[in-house]
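Below: the structure, in structure tokens.
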Number of protein chains: 2
Amino acid sequence: MSRTFLEREDVIPLLSEVFREHGYDGASLSAITAHTGLGKGSLYHFFPGGKKEMADAVLGEIENWFEESVFAPLRSETDIRHAVASMLSAVDSYFHSGGRICLVGAFALSNTRDQFALRIRHYFQAWTDTLSDSIERSGLDHSAARAIAEEYIGGIQGALLLARGLDDPLVFTRALHRLNARMNDIFRN
Amino acid sequence: MSRTFLEREDVIPLLSEVFREHGYDGASLSAITAHTGLGKGSLYHFFPGGKKEMADAVLGEIENWFEESVFAPLRSETDIRHAVASMLSAVDSYFHSGGRICLVGAFALSNTRDQFALRIRHYFQAWTDTLSDSIERSGLDHSAARAIAEEYIGGIQGALLLARGLDDPLVFTRALHRLNARMNDIFRN
DNA sequence: GTCTATAGAGTGATAGAC
DNA sequence: GTCTATCACTCTATAGAC
């Protein structure tokens with residue numbers, strides 16, 4: 001009998017897929033056991049808090065990925081146009097060019113929102129604040145920078161939603177191109 | 001026995017509130033009976049198809065509202081800047097200045113999406129097509145008009161999502177102001 | 001009697017917790 | 001695997017209007 005020693009961290013990406021596909025309520029424990037290959041016993045061993053803790057772990061991993069792959073580069077890159085282009089490129093690959101939804105966004109619009117309100121707010125706040133700071137460092141005043149940051153994050157989330165609603169991922173691709181071009185309009189040298 | 005003469009149509013706005021508050025899965029029959037004041041007998045009398053039919057009725061009423069209050073005015077107004085300003089004003093009041101989510105958008109990102117995919121797609125298609133046609137009539141070519149329409153609908157949906165995620169309705173108000181100003185930038189005489 | 005509207009006990013299925 | 005709670009839904013009973 002071959003044992004695979006799955007760690008807690010190995011399970012999280014699988015959980016992420018299940019929640020993305022079924023939503024929080026729709027991800028039944030049986031769907032989770034089916035997709036992870038773990039029995040309920042193992043799941044409750046890794047996540048004593050049950051489904052809530054599983055979703056929290058997934059949201060935490062998403063936070064970490066964005067911190068590392070989006071926020072940190074935004075902070076260190078000095079040319080705002082490069083910074084934004086890199087961000088959009090990272091976002092494009094993360095969301096599979098519009099074929100994958102934003103789990104945090106989906107949670108924000110769902111009935112589970114209250115349960116995860118803090119994590120959701122933190123995600124969007126970190127993103128808008130980091131982008132806004134980056135824009136401000138390029139010479140715009142605070143409220144103008146904040147407005148552009150909101151336009152970008154809202155534009156990305158709205159494009160993901162619209163792509164999903166229209167069942168056409170190209171909507172997302174087009175939105176990213178517009179957002180990229182827009183930064184060159186704002187900062188033309 | 002005292003009769004209250006509730007009609008099917010009177011129930012739909014109440015259902016709309018319940019679905020908006022709890023989502024589709026989260027809106028349990030007991031929550032629905034509590035909020036509508038109707039027993040299961042009455043509900044199944046009005047909606048023999050059960051919860052699915054209740055949600056369909058709500059989505060249908062939303063469609064009708066937008067057709068009447070947003071799409072029709074877009075078609076008849078010739079000045080695109082007035083048309084867009086009127087649309088944004090209607091949208092602002094419909095979504096309670098960012099305090100209310102778009103049920104269709106929420107469904108689009110939820111696990112119930114597949115069940116209502118047709119209605120969801122129709123809603124977003126009707127909106128983007130109507131707006132795009134309106135812009136095209138003002139002199140832009142087809143793909144440019146379509147891009148702007150997607151920017152607007154995506155911007156509205158994204159701003160609603162972001163306002164919800166950040167728990168700050170002003171995010172939505174600011175987005176509407178930007179979108180209104182943007183049309184004046186595009187069509188400056 | 002017939003029709004419409006109502007309430008709610010009871011059904012089997014399935015949920016998440018453990 | 002077992003547990004209890006809750007789910008959507010069915011069905012019976014009952015009310016008044018005509």
Practice item. Return no unless some side-chain N or O of B:His45 is found under 4.0 Å from OP1 or OP2 of C:dT6. Key: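 For C:dT6, neither OP1 nor OP2 has a side-chain N or O of B:His45 closer than 4.0 Å.
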
Could you pull out the protein-nucleic contacts involving nucleotides 15-18 of chain C (nitrogen or oxygen on both sides, under 3.5 Å)?
unit_1, atom_1, unit_2, atom_2, d
C:dG16, OP1, A:Ala27, O, 3.4
C:dG16, OP1, A:Lys51, NZ, 2.6
C:dG16, OP2, A:Leu29, N, 2.5
C:dA17, OP2, A:Tyr44, OH, 2.4
C:dA17, OP2, A:Lys51, N, 3.4
C:dA17, O5', A:Tyr44, OH, 3.2
C:dA17, N6, A:Lys40, NZ, 3.2

Review point. Less than 4.0 Å between a side-chain N and a carboxylate O, is that true for A:Arg146 and A:Asp129?
Key: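 Salt bridge flag = yes for A:Arg146 with A:Asp129.
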
Practice item. For the pair B:Asp185 and B:Arg178, find out whether any cationic side-chain nitrogen is under 4.0 Å from an anionic carboxylate oxygen. Key: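 So B:Asp185 does not pair with B:Arg178 through a salt bridge.
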
Rounded off to whole Å, could you give me the [atom1]-to-[atom2] distance for the [X] and [N] pair?
| X | N | atom1 | atom2 | value |
| --- | --- | --- | --- | --- |
| B:Leu43 | D:dA8 | CG | P | 11 Å |
| B:Leu38 | C:dA7 | CG | P | 6 Å |
| B:Asp10 | C:dA5 | CG | C1' | 14 Å |
| B:Glu9 | C:dA5 | CD | C1' | 15 Å |

**Study point:** A:Arg100 charged N/C atom sitting above A:Tyr94 aromatic ring, 6.0 Å / 45°
**Key:**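 Yes - A:Arg100 lies over the ring of A:Tyr94, closer than 6.0 Å to its centre and within 45° of its axis.
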
Point to revise | With B:Ser132 via side chain to side chain donor-acceptor pair (under 3.5 Å) - residues at least two apart | key: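 For B:Ser132 there are no side chain to side chain donor-acceptor pair (under 3.5 Å) partners, ignoring immediate neighbours.
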
Practice item. Classify the ring geometry between A:Trp127 and A:Phe66 as parallel (under 30°), tilted (30 to 60°) or perpendicular (over 60°). Key: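 Because their plane-to-plane angle lies in the 30° to 60° range, the rings of A:Trp127 and A:Phe66 count as tilted.
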
Point to revise | Heavy atoms of other groups near A:His122 NE2, more than 12 under 6.0 Å | key: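 At most 12 heavy atoms, drawn from other residues, nucleotides or ligands, come within 6.0 Å of this atom.
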
